[in-house]
Every structure is written in C-alpha cells, then in structure tokens.
Number of protein chains: 2
Amino acid sequence: MVSIYDIAKAVGVSASAVSYVLSGRADKARISKEKQKLIMDAANRMGYIPNMTARKLSLRNMPRLPEIALCWSPEQHPMFLNTFIGILQDMTSNGLVRQMQFTILPYRNGELEKLAPALTANYYNGIIIPPVSEQDIEFLKNTDIKVPTVMLYGDIPQYHLVTVDNYSIGTEIAGIFHRHGCRSAALMQPASRQMSITVAQRTAGFLEGCRKSGIDAREVTSLSNETYTNKIEEGRILAAKMLEENTLPSAIYIQHDTLALGALAVFCGHGIRIPEDMEVIVYGNNESLEIHKPSVTTVQYPTQEISRECITVMAELLDKPGAEPVRRIVETPFVFRESCPP
Amino acid sequence: MVSIYDIAKAVGVSASAVSYVLSGRADKARISKEKQKLIMDAANRMGYIPNMTARKLSLRNMPRLPEIALCWSPEQHPMFLNTFIGILQDMTSNGLVRQMQFTILPYRNGELEKLAPALTANYYNGIIIPPVSEQDIEFLKNTDIKVPTVMLYGDIPQYHLVTVDNYSIGTEIAGIFHRHGCRSAALMQPASRQMSITVAQRTAGFLEGCRKSGIDAREVTSLSNETYTNKIEEGRILAAKMLEENTLPSAIYIQHDTLALGALAVFCGHGIRIPEDMEVIVYGNNESLEIHKPSVTTVQYPTQEISRECITVMAELLDKPGAEPVRRIVETPFVFRESCPP
DNA sequence: GTGAAAGCGCTAACAC
DNA sequence: GTGTTAGCGCTTTCAC
C-alpha cells in the first residue's frame, strides 16, 4: 500500500504537505499551486488510497462508535435487511440503544468460511451472523470468535442467539391440519444451493407432527440444480407439477411467501377451491397474502422483532463482553385467514 | 473513552498485559490468572470498549479495504438494499470489481443533514447516497464532501450520478395512454413524509405529457398526515376513495408496485374490467404484478442495474479521485402485459 | 511472567 | 510556504 510518505519521497516534499493536499486542505497550509499539482498527480499515478484507519485514529474529535459486522447473505428473505436497517435507525434515533456502526460483510450461504479472517481477527466490536446453512453452522462451531457474537437461527453453544421456534411452527401447522380432519398433506419449499436450517427445522417439525397425527405427508420441492428467474415462477412450476401428478392433498403448507403466491396462482387458476378442496398455510410476511383471493393464513416471519431483539442484545453485550450466552426466542404469531380457518 | 492505559493504571500493570488479556491472548503471554481476573473486572467495571481503529492500524498483516459509506434510508424500495448487497457480493466474488468494505449509515428522508459530520470529515474512502427528498438534495448542494461521492437520482453538479430518466418515464406513459385514445387519466402515488424527487420527476413528466396530449389528468394521493400499516392498505384506501367519487378515469398510472397491488385488489373486486374500463401501468419491480389477474404492465425499476452501475462507478473512482463527475442513466424497460397492451 | 518501547499511517500544532 | 514532530490507541517484539 502506498502511503503519504511514498508520495512525499517521490515528489520531494514533506509528508505533511502531502497530507494537506490529499485531504483537501491545501489552501489552509498555503501550499503552492505547482506543488499541489505535483502531489495530486503523483498520488493518482501511484494509485494512492488513503488509509482511513490511520486517518480516523489521528482525528481526535470524531465520535468513536463501536463497529459491528453484519454478515449478510442475499439469500435471506429479501425484505429482511431493509427491515433491519429501518429498526436500527428507529431505535438509535429514539435513544433506545447506543449508537453503533454497521459494516456489511456479504457472503453466500455455505461460504461463510471465506469471512473467517475478518471474523477471527478481532476486527470488530461485535458480529451478527444469520447462518442459514448447515455448512456455515459447522464452520462456526469450530471457529473461535473472541468478540461478542449474536447468531440468528443457528444455535451454537458459545454464541448468543436470537431465533424463532421453527420446529414448533411445523408441528403446530400439522396439528391444525389434523384438527380439520385432513388425511393427506403436502409441504412445499424453495430449492436452494444450501438447505436452510430454518426450513429444515420447520420441515422436521411438520413431518413429525403429521406422522403422529396419522397424516400422509409428502414434500414438494425442486431439484437444486434447476434455476428459476424468481420464486414466483418456482412456485408456479411446483404447483403445476402437483396438478400433473393429479394427487392433490387436502392441505398444503408452503414454506415461503413469494413461492406461495406463484403456487396459489396456479391452483386457483385450475379451479381448485381453497380451503374447500385444499387448505393452505404459508410461512412468511409478504403483505400480498393478505389481499390474495382467498386471503391466506400465515405464520408470521417476525423480521421486525428479530431485528429489534438482535440489536438490543448486541448493544447490551458491548458493555459486558464476558456475559453468558443469551437465548431469545421470538414469537411467530398465526394469522388465520380464509385459506385455513382456525 | 477508556483505553487500555486507563485500565493498566487502575489495576497497576502495564498496558501490554492489558492488551494481551483483553484480546484473548492472555495464555500466550503467560499472564497470571489473578492478574487476568483483575484486568477483566476492571475493563468491565470501567466500560471498556476496544478502539477498533487503533487495533486495525497496528494489525500489520490485515487486508486494508477501502471503506465506503452507504447512506441508506429505509424509505427506499424495500428490496433495493438486499439487491444491492447481492450484486456487490456477486461482482466482488467474480472479480469484476476490487474488494470494498461497506458501512451503512442509516438516515430518514429529509434528515440526511444529521450525517453531515460523518460525510464531511473525510471519514470514508467513498460515499454513496440515494437522496430522495428535496431537502436532502438541498443539503448536499451546500455541502462540501471531499471524497468520491456517488449519488443515486439526485443530480448535483459536483458529485457523480447514477439514475434513471424519471421525467421521460412519465411522458412515455402519458404518450401510451394518448395513443390508446384515453381522455382522462389518474396518477396514484404513495404519501410520504418527504415527497420523493424521483416520484416528483415522474409526476411532472406524466402531467406534462397529459397536458400536451389533451388528457385530463388528476393526482390521487393521501394526506401525508394519515398513516397506514402498509402500502397495500394505502392502495386499497386510495382506490376505494376513487370508487366513491365515482369518476374513474380511462387510465391510471400507479407510482408504486405494492400500492398498486392494494389498489388493483379493490378495482377488480368492484368489477372494474382492466384494461377495458381502465388501463393500468405501474412503476416498480414486484414480481406479483406478473401473475396478477390481469397481469400488469410495468415500467421496471431497475434496482439490479442501478446497483451494478453504482458499484462499478465507485470502484473506478477510488483509483482516480479527481475525475470529472460522471453521469450514468440506467434504462427502464417497459414490460407490456394485459393491463395495458402496447 | 512482565514492562518498555517501536511502530501502524495519518493529522495538526508549531517552528522555521 | 514548508518541514519537524508529537500524538491517536493498540499490538508485538524483546529485554529483563
């Protein structure tokens, strides 16, 4: 990395002159125009990029905010990140939590390991990770992160946790289908490069619940090597496949809101009456499910509450680093609508 | 701020001992158990939070990534941030752009000014700002940011720009309605605390286009002091209001995708035939519009392309800081569907 | 086991 | 106008 000293040497001036010019305060130090140009040119030529770390350290009167790394995989629910930032903005401006600075560390599901250097180097005051794939959980279990770390979903003993009770969601849905006298049920879920543990937990709960209730349950999903332009299309294709096979169950639990919109479009388009022919429950939080005809019973994916809880826990941890790992389970309310009455 | 020296003094040991203990390497320096405990306790008691800036500066072998501030208002399109991070992850892992570190600076529309200290202090290697309100534009015009700065939407001479041609979108839609022989048109838009300039530009284009074509155009929007649980509900209420007034236009241009879903639910529920009774064009990128019955003609809000362009521009700027401001206009393709044929 | 001291790259007060 | 120098708070080597 080229520093202001390199430039100073190259141009034949002192480092402070370079500093003044490159941080836009040349006038303040009354550096001559010619020297300014020489310095600017050299900086450009040599590919100088200021080291903000050093700059910040020397800037005395700047507020020093704790830096939190927010590991983020775009395969999360597409609205979640926006919700998270919204809640953060809200809580901070209302003085509910201390100010913090969030840096996004993007990763793909299953490739969290690539962030290992940043995570293990004590580079941040805190870390937030929503590890959704088994592989990432495995990596985290075997990694020694020494700064306060909050997991979403992935229950790993040494770290703090904010999650929902995915397994119970599955069994409760199975229970509802059972009470309604359903004999057969389907479980529809999106394909992904890496099976999400949250989906897997709900799946396990649902299948176990069905088994106990004597409901004949089967999974509907696409091969992971197929690709779709979006979740709507995937839902349509999965639904079409079910119709082709001509073995519609009396109830279906769809694990993803947008997927559900696609699937429902096909079911309704083929004259399947919901809930008479088939009851539908969806996990997610897409507002469209509310105005869908018929309106759709959902288990709410509580992104707002998860965000709030996560931010709260992180803010508390900063002040007591050695604290015992906390476990916070966020509620997932059922919202009963036409597609599956209570 | 309490430093390791404060702790060292309080406990009566050297700063290096404190450093070892607090960064989890006490064993490496063979610090006695008692001293470790004393140091830990003092740190907790005194509310010590490590200064990551200093830590990073002294860590020699860490990769130094340019730090980019991403100013973000949650009032942006809810999927945009996720898309942005997804594209970033993609471009970086494919080696299309250099590695960068993104820090999120949350703000509310109209309150960008509160970020002024962070923006003007040369605290970041680059800054990205999507200023959507007039007030924030005004603030930026009068602010001297010295680091490479990319604006989305807000055209301000001294900064770089990535945007779409909002005005033309408005006029083109008016032109389509005109070609179809519409005599009257409505323009529906979401209420917001701060009128978004992008919405305002499309509005201006549309109204001017209507005026030139002799279309009688009127705006439908809610009072900014009303609040809604979500955009769907807002759309439903706006549509209901139009039905009450019993003056349906022959075409409507809806400025927001989710708002449109709510409004369309009401229109269709009241037997309004689309496009026969009323043509509909929507600006946005919600996938549901594609499977809506009838499917909805949209002008695509190209969040992916905007993100890609923005990241590209920023990466280029880092290497040539003094460059002339660039202007990149991203295409906004029309997708014609049933609600308004070409 | 422990502490002194050098250095990370930069800013800014100050001397010239 | 320009250069010297003392920090910013931390890590890490090395001497004791």
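Labels below follow one simple rule: chain letters A, B, ... track the order of the sequence lines, proteins then strands, and each chain is numbered from 1.
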Test the Lys56(A)-Tyr123(B) pair against the cation-pi criterion, namely NZ or CZ under 6.0 angstrom from the six-membered ring centroid and within 45° of the ring axis.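 Yes.
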
Using distance alone, with no hydrogens and no angle criterion, decide if Ser307(B) and Thr83(B) have a side-chain donor and acceptor under 3.5 Å apart. no

Does a side chain donor of either Asn109(A) or Ser73(A) reach within less than 3.5 Å of an acceptor in the other side chain? yes

Ignoring hydrogens and angles, does a donor from either the side chain of Tyr5(B) or the base of dC10(D) sit under 3.5 Å from an acceptor on the other?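 Check passes, donor-acceptor contact within cut-off.
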
Does Lys114(A) come within less than 4.0 Å of Glu111(A), counting only side-chain N to carboxylate O?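 The answer is yes: the pair qualifies as a salt bridge.
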
Does the distance from a Lys or Arg side-chain N to an Asp or Glu carboxylate O, for Asp90(A) and Arg308(A), drop under 4.0 Å? no

Return the value, rounded to whole Å, for the distance between atom [atom1] of [X] and atom [atom2] of [N].
{"X": "Leu38(A)", "N": "dT2(D)", "atom1": "CG", "atom2": "C1'", "value": "14 Å"}
{"X": "Arg55(A)", "N": "dA12(C)", "atom1": "CZ", "atom2": "P", "value": "10 Å"}
{"X": "Lys9(B)", "N": "dG3(C)", "atom1": "NZ", "atom2": "P", "value": "15 Å"}
{"X": "Leu57(B)", "N": "dC8(C)", "atom1": "CG", "atom2": "P", "value": "9 Å"}
{"X": "Asp6(A)", "N": "dG9(C)", "atom1": "CG", "atom2": "C1'", "value": "10 Å"}
{"X": "Tyr20(A)", "N": "dT4(D)", "atom1": "OH", "atom2": "P", "value": "14 Å"}
{"X": "Asn122(B)", "N": "dC10(C)", "atom1": "CG", "atom2": "P", "value": "13 Å"}
{"X": "Ile31(B)", "N": "dT2(C)", "atom1": "CD1", "atom2": "C1'", "value": "7 Å"}

Closest to the 5' end of DNA chain C, once Ala54(B) and Val13(B) are matched to their nearest nucleotides, is Val13(B)

Check every strand shown and say whether [X] touches a base, only sugar-phosphate, or nothing at a heavy-atom separation below 4.0 Å.
{"X": "Ile4(A)", "answer": "base"}
{"X": "Ser32(B)", "answer": "sugar-phosphate"}
{"X": "Ser23(B)", "answer": "sugar-phosphate"}
{"X": "Ser16(B)", "answer": "base"}
{"X": "Lys56(A)", "answer": "nothing"}

Can you see if the side chain of [X] gets near the phosphate of [N] - specifically, an N or O under 4.0 Å from OP1 or OP2?
{"X": "Ser58(A)", "N": "dT11(C)", "result": "no"}
{"X": "Tyr48(B)", "N": "dC10(D)", "result": "yes"}
{"X": "Ser3(A)", "N": "dG9(C)", "result": "no"}

From the list [options], which nucleotide is the closest neighbour of the side chain of [X]?
{"X": "Ala17(A)", "options": "dT12(D), dC8(C), dG3(D)", "result": "dG3(D)"}
{"X": "Leu59(A)", "options": "dT11(C), dG9(D), dT11(D)", "result": "dT11(C)"}
{"X": "Arg64(B)", "options": "dT12(D), dG9(C), dT2(D)", "result": "dG9(C)"}

Under 6.0 Å from the NZ atom of Lys37(A), do we count more than 12 heavy atoms belonging to anything else shown? no

